[in-house]
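Written out below as structure tokens is the structure these notes cover.
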Amino acid sequence: MSTTLFNHCNLFTGTKDTVTPDAWFTVDEDSGRLSEVGSGEFNGQADRTVDLQGQYVMPGLVDAHTHMMMNALTNKLYYLTETEVTLQALENLRSALKAGVTYVRDCGAAFNVDIKLNKYRKEHPFVGPEILPSGRPMSMTGGHGDFTEGEHGETTWGYLVDSPEEMRHAVRLAFKEGAKNIKVMSTGGIMSATDQVDDTELSLEELQMAVKEAHSKHMTVAAHAEGARGIHNAIVAGVDSVEHGCYLRPEDVDLMKEKGTFLTPTLIAGYTIPKFGQGKLPQYMLDKAEAFLDDFFENVGRALQANVKLAFGTDSGTPFNEFKDAPMELSLMVKAGASNYQALRAAGMGSAELLRVDKDYGSLEAGKFADFLVLKDNPLADVSAVEQADKVVYQHGQQKF
């Protein structure tokens with residue numbers, strides 16, 4: 001067994017609101033896992049030493065909401081081919097890792113591209129975060145997820161379901177294909193031309209069926225939920241996470257706390273559209289985003305103050321929301337009312353707990369994978385430190401950037 005010692009750093013493990021000075025940790029090079037973590041003088045033995053020269057070390061980001069198939073600048077939604085989205089996914093994943101994202105959950109990929117890349121990764125390695133795939137999302141006919149795909153329109157982005165029985169069948173198909181999470185579209189959204197964000201789409205009974213089937217197969221359920229009624233239905237149905245939560249009501253904040261439901265705000269997805277999309281995006285997208293942005297930040301802020309379980313997600317791939325900009329979500333969470341630690345914890349242990357990978361990821365503790373970032377400045381003092389363009393990124397103990 002070969003061991004690397006990383007010493008002389010300021011260490012934020014991700015488990016408490018402190019940075020440990022003059023810290024060190026060792027990594028088993030064979031497994032890529034942390035073997036010891038400590039501070040002060042290191043009295044053990046190591047085969048190799050990396051002197052971090054007083055820089056700050058923190059866990060790699062765990063992004064619980066991405067769309068690896070999407071190009072954030074062209075914003076093409078229809079008639080994408082499988083080759084096109086696969087190449088785009090590989091570019092996006094590389095960009096994500098360079099930005100400091102070492103683990104992602106994809107929340108909806110045409111052609112199950114996330115599942116396929118994850119499946120074939122050992123035989124065909126590529127640079128990028130570890131992946132928890134969802135495959136194609138669940139949408140009602142005409143809803144947020146009913147996008148025509150394929151060069152000749154031979155398929156749709158999502159599974160189209162219009163009854164509990166159709167939902168049962170679709171979840172089982174997703175399970176068969178290799179999904180580890182089920183994405184359900186409980187409301188309308190910004191990017192779909194046929195609906196409004198407060199439209200209630202999948203019914204309560206359909207959502208309940210999705211949860212029942214997914215949980216019986218050890219899968220999680222993430223609900224795209226922007227409008228108030230759809231958010232409420234998703235929480236009542238028992239989803240594991242509410243994604244976005246734009247019109248989250250106070251009474252549903254209480255219900256989320258009671259049921260242990262996570263919130264993944266994806267504030268950056270709402271922020272980038274009106275900021276960069278003028279004259280470049282369809283007017284319906286701009287109108288929707290501008291109508292709810294202030295309410296979005298206010299409602300998320302209320303949930304933050306109530307200490308709802310919090311995950312970190314960016315919705316990367318949506319308009320002008322590039323994978324390289326993922327760390328900006330931390331600053332937007334702080335703008336909405338999160339403490340620096342609250343935002344950083346969401347991007348580590350919070351997301352890892354939601355994805356049920358917290359035994360291996362989310363913090364820098366002995367036994368976990370050595371996924372970490374090396375920064376010039378203290379992220380607990382200012383989360384924008386994570387936006388450092390030339391940060392050093394390690395994945396499983398190996399320097400990637």
Side-chain angles (χ1 to χ4, degrees), residues 6 9-21 23 25 34 37 39 52 54-66 96-105 129-130 241 262-268 271 297 300-301 303-316 323-355 357-365 368-389 391-395:
F6 294 85
C9 69
N10 292 291
L11 180 63
F12 170 59
T13 65
T15 59
K16 53 186 177 180
D17 191 3
T18 58
V19 168
T20 302
F25 54 94
L34 295 156
V37 180
S39 61
L52 295 172
Q55 295 183 91
Y56 291 85
V57 172
M58 64 168 283
L61 304 176
V62 181
D63 192 337
H65 193 129
T66 65
L97 186 61
K98 186 175 182 180
V101 178
T102 55
Y103 200 106
V104 298
R105 177 177 67 180
E130 295 296 310
S241 62
F262 279 84
L263 174 65
T264 313
T266 70
L267 293 163
I268 190 171
Y271 170 81
F297 273 79
V300 168
L304 293 172
Q305 294 305 309
N307 290 313
V308 162
K309 285 186 175 182
L310 188 64
F312 170 90
T314 60
D315 214 1
S316 291
F323 279 71
K324 68 181 180 65
D325 295 325
M328 190 187 300
E329 176 70 13
L330 294 167
S331 295
L332 293 172
M333 292 170 78
V334 170
K335 179 181 178 182
S339 68
N340 290 336
Y341 175 65
Q342 196 175 12
L344 290 168
R345 189 190 185 284
M349 285 300 292
S351 287
E353 288 168 358
L354 169 60
L355 274 52
V357 296
D358 50 301
K359 288 184 179 180
D360 293 320
Y361 300 94
S363 63
L364 297 176
E365 300 175 88
K368 294 191 176 185
F369 283 113
D371 289 4
F372 60 92
L373 316 180
V374 183
L375 309 171
K376 295 175 183 176
D377 299 314
N378 183 358
L380 268 183
D382 184 351
V383 293
S384 67
V386 189
E387 297 175 36
Q388 178 185 324
K391 69 175 74 68
V392 179
V393 180
Y394 281 82
Q395 186 181 40

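Just so you know, these numbers come straight off a predicted model, no measurement behind them.
- Taking the six-membered ring where tryptophan is involved, the planes of F6 and F372 are perpendicular, since the angle between them exceeds 60° and thus also 30°.
- Taking both residues in full, the closest heavy atoms of L61 and L373 are given as CG-CD1, 4.4 Å, listed atom of the first, atom of the second, then distance.
- E353 has a carboxylate O that lies under 4.0 Å from a charged side-chain N of R345, or vice versa, which qualifies the two as a salt bridge.
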Passes side-chain contact (heavy atoms from CB on, under 4.5 Å), L344 versus M58? Steps please.
-> CA-CA 9 Å; L344 290 168; M58 64 168 283; 3.9 Å; yes

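- Between the side chain of E130 and the main chain of V104, no donor-acceptor pair closer than 3.5 Å is present.
- The backbone N or O of V386 sits less than 3.5 Å from a side-chain atom of K391, completing a donor-acceptor pair.
- Under the 4.5 Å side-chain criterion, counting only non-hydrogen atoms from C-beta, Y394 is in contact with V374.
- Side-chain atoms of K368 come within 3.5 Å of backbone N or O of D358 as a donor-acceptor pair.
- Under the 4.5 Å side-chain criterion, counting only non-hydrogen atoms from C-beta, L34 is in contact with L364.
- Smallest separation of non-hydrogen atoms from P59 and T13: CG-O, 3.4 Å.
- Taking every heavy atom of both residues into account, T20 and A23 meet most closely at O-CB, 3.6 Å.
- When atom types are taken as modelled, the side chain of T264 and the backbone of F312 share no donor-acceptor pair closer than 3.5 angstrom.
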Derivation of the side-chain contact (heavy atoms from CB on, under 4.5 Å) call for F12 and Y56 | CA-CA 7 Å; F12 170 59; Y56 291 85; over 6 Å; no

Please tabulate, for side-chain N and O atoms in residues 334-342, each donor-acceptor pair with protein atoms closer than 3.5 Å (sequence neighbours left out).
from : atom 1 : to   : atom 2 : distance (Å)
S339 : OG     : Q342 : N      : 3.0
N340 : ND2    : L380 : O      : 2.9
N340 : ND2    : A381 : O      : 3.2
Y341 : OH     : T15  : O      : 3.1
Y341 : OH     : K16  : N      : 3.4
Q342 : OE1    : S339 : N      : 3.3
Q342 : NE2    : L304 : O      : 3.1

Apply the test side-chain contact (heavy atoms from CB on, under 4.5 Å) to residues Q388 and K376: give CA-CA distance (whole Å), side-chain angles for both, the deciding distance (0.1 Å), then the verdict.
-> CA-CA 8 Å; Q388 178 185 324; K376 295 175 183 176; 3.5 Å; yes

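- In this structure a side-chain-to-backbone donor-acceptor pair under 3.5 Å is present from E329 to I268.
- The two residues A385 and L375 have their closest heavy-atom pair at O-CD2, 3.8 Å.
- Atoms OG1 and CG, from T102 and D371 in turn, are 4.0 Å apart once rounded to the nearest 0.5 Å.
- Remark: side-chain polar atoms of Q55 are paired, donor with acceptor, to backbone N or O of L52 under 3.5 angstrom.
- Using a 4.5 Å heavy-atom cutoff, the side chains of S316 and D63 are in contact.
- Separation of atoms OG (S351) and CZ (F262) is listed at 8.0 Å; rounding is to 0.5 Å.
- No donor-acceptor pair closer than 3.5 Å links the side chain of D315 to the backbone N or O of H65.
- Residues forming a side chain to side chain donor-acceptor pair (under 3.5 Å) with D17 (at least two apart in sequence, or on another chain): none.
- Note: E387 CD to D377 CG = 11.5 Å, rounded to the nearest 0.5 Å.
- Side-chain contact check for V357 versus L355: some heavy-atom pair is nearer than 4.5 Å.
- At a threshold of 4.5 Å between non-hydrogen side-chain atoms, the residues L310 and M333 count as touching.
- Contact check for C9 versus F25: side-chain heavy atoms found under the 4.5 Å cut-off.
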Steps toward side-chain contact (heavy atoms from CB on, under 4.5 Å) verdict (L11, V19) | CA-CA 5 Å; L11 180 63; V19 168; 5.7 Å; no

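- Side-chain atoms of F323 and L97, non-hydrogen and from C-beta on, never get closer than 4.5 Å to each other.
- In this structure, the side chain of N10 engages the main chain of G54 through a donor-acceptor pair within 3.5 Å.
- Between Q395 and F369 there is no side-chain heavy-atom pair separated by less than 4.5 Å.
- Residues passing the side chain to side chain donor-acceptor pair (under 3.5 Å) test with T66: none are found, sequence neighbours excluded.
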